[in-house]
Amino acid sequence: MTQERESLSDPKAMRALAHPARLAILSRLGMGGSATATEVAEVAGITPSAASYHLRMLAKYGFVEDAQPRGDGRERLWRAVDRPFSVGVRPDDQPEVREAKGLLIQAVRRAANEEGERALAGIDQLPKEWRDATRFSRTSLRVDAAELAWLNTEIEKLLRPYVAQHRSAEDAPSGARIAEAQVNLFPQVPRPVPGLPTEDHDAR
């Protein structure tokens, strides 16, 4: 059964998530399964005690939860909640909600841009088959709102079988690794027209 995305609307929850370390922790749990505070701290570049605090805050707002313990159960394990979230700005949003949504969207976009920049910086070190499979592209579309929404749904359906949180290393083909899909679908806003520069611009 397809899970419906939960639309975030609690400004406190969105502000709690709009933190670089928390986004990094949530990404680690989403792609790597359960982990301790020490393990996610390494990825987020913070101390284990700071990671424990961030994990508790993420749990408070329903983004992570306790996972099954390992071995003797002395370490506390966390996992990402198996529930997809989405953020969309609505005309009837209250100012506090709109501001929180804006902060979260900006934080997610910054994290995505950083991930893309790291991938681009290291692309020469990838084996040829991975270089050939990697794409950075933009495409201008001519669609109405219903078509754009349909595209979003179809892309999610296409990606769903490959989502790392639900596809274990044992289920994936030999040689599989963590990859990332970044999808942005939005109507373009006309650029401001600056006009032509004067002929004597910087003429000296």
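Values in this document were obtained by computation on a predicted structure and should not be read as measured data. Computed from heavy atoms alone, side chains included, the values below leave out hydrogens, waters and symmetry copies.
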Rounded to the nearest 0.5 Å, how far apart are [atom1] of [X] and [atom2] of [Y]?
X	Y	atom1	atom2	answer
Leu185	Leu141	CG	CG	7.0 Å
Trp150	Ile155	CH2	CD1	9.0 Å
Glu115	Ser27	CD	OG	6.5 Å
Glu156	Ser86	CD	OG	8.0 Å
Arg79	Gln165	CZ	CD	9.0 Å

Do the side chains of [X] and [Y] join up, straight or via other hydrophobic residues, at under 4.5 Å, putting them in one cluster?
X	Y	answer
Leu151	Leu158	no
Val108	Val64	yes
Val97	Phe63	yes
Val163	Phe85	no
Leu17	Leu103	no

Identify the two heavy atoms, one from [X] and one from [Y], that lie closest to each other, and give their separation to 0.1 Å.
X	Y	value
Leu126	Arg177	CD2-NH1, 3.4 Å
Ile178	Ala164	CD1-CB, 3.8 Å
Ala37	Ser52	CB-OG, 3.3 Å
Met14	Val87	SD-CG1, 4.4 Å
Gly88	Asp93	O-OD2, 4.1 Å
Gly62	Arg83	O-NH2, 3.3 Å

Using 4.0 Å as the upper bound for N to carboxylate O, is an ion pair formed by Glu99 and Arg15?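 A salt bridge is present here (some side-chain N lies under 4.0 Å from a carboxylate O).
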Carboxylate-amine/guanidinium contact Asp10 Lys12, below 4.0 Å: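 The answer is no: the pair does not qualify as a salt bridge.
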For [X] and [Y], indicate whether the former's side chain and the latter's backbone hold a donor-acceptor pair under 3.5 Å.
X	Y	value
Arg135	Asp132	yes
Glu65	Ala59	no
Arg76	Ala67	no

Using a cut-off of 6.0 Å, state whether more than 12 heavy atoms not belonging to Glu147 lie near its atom CD.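 Check passes, neighbour count above 12.
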Checking side chain to side chain contact (heavy atoms under 4.5 Å, CB included) against Leu29, which of Leu58, Leu55, Val81, Val43 comes through?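 Answer after filtering Leu58, Leu55, Val81, Val43: Leu55.
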Tell me, with the steps shown, if Glu180 and Met31 meet side-chain contact (heavy atoms from CB on, under 4.5 Å). CA-CA 10 Å; Glu180 180 163 332; Met31 68 183 178; over 6 Å; no
Within the structure provided, determine whether [X] and [Y] are in side-chain contact (heavy-atom separation under 4.5 Å).
X	Y	answer
Trp130	Gln125	no
Ser140	Gln188	yes
Arg28	Glu42	no
Lys157	Glu154	yes
Asn152	Leu148	no
Leu120	Phe136	yes
Glu75	Arg70	yes

Decide whether Ser49 and Thr47 meet the rule of one side-chain donor and one side-chain acceptor closer than 3.5 Å.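 Their side chains do contain a donor-acceptor pair, which is all the 3.5 Å distance test asks for.
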In terms of side-chain heavy atoms, does His166 have a donor or acceptor partner in Asp82 at a distance below 3.5 Å?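 There is such a pair (donor and acceptor under 3.5 Å, judged by atom type) between the side chains of His166 and Asp82.
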Glu129: salt bridge (charged side-chain N to carboxylate O under 4.0 Å, His left out) partners, not counting sequence neighbours: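 Partners of Glu129 under the salt bridge (charged side-chain N to carboxylate O under 4.0 Å, His left out) test: none.
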Are His54 and Ile46 close enough, and set up right, to give a side-chain contact (heavy atoms from CB on, under 4.5 Å), and what steps lead you there? CA-CA 10 Å; His54 289 310; Ile46 55 178; 3.6 Å; yes
Looking at Trp78, does the NZ or CZ of Arg56 lie under 6.0 angstrom from its six-membered ring centre and within 45 degrees of the ring axis?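 No, Arg56 and Trp78 do not form such a contact.
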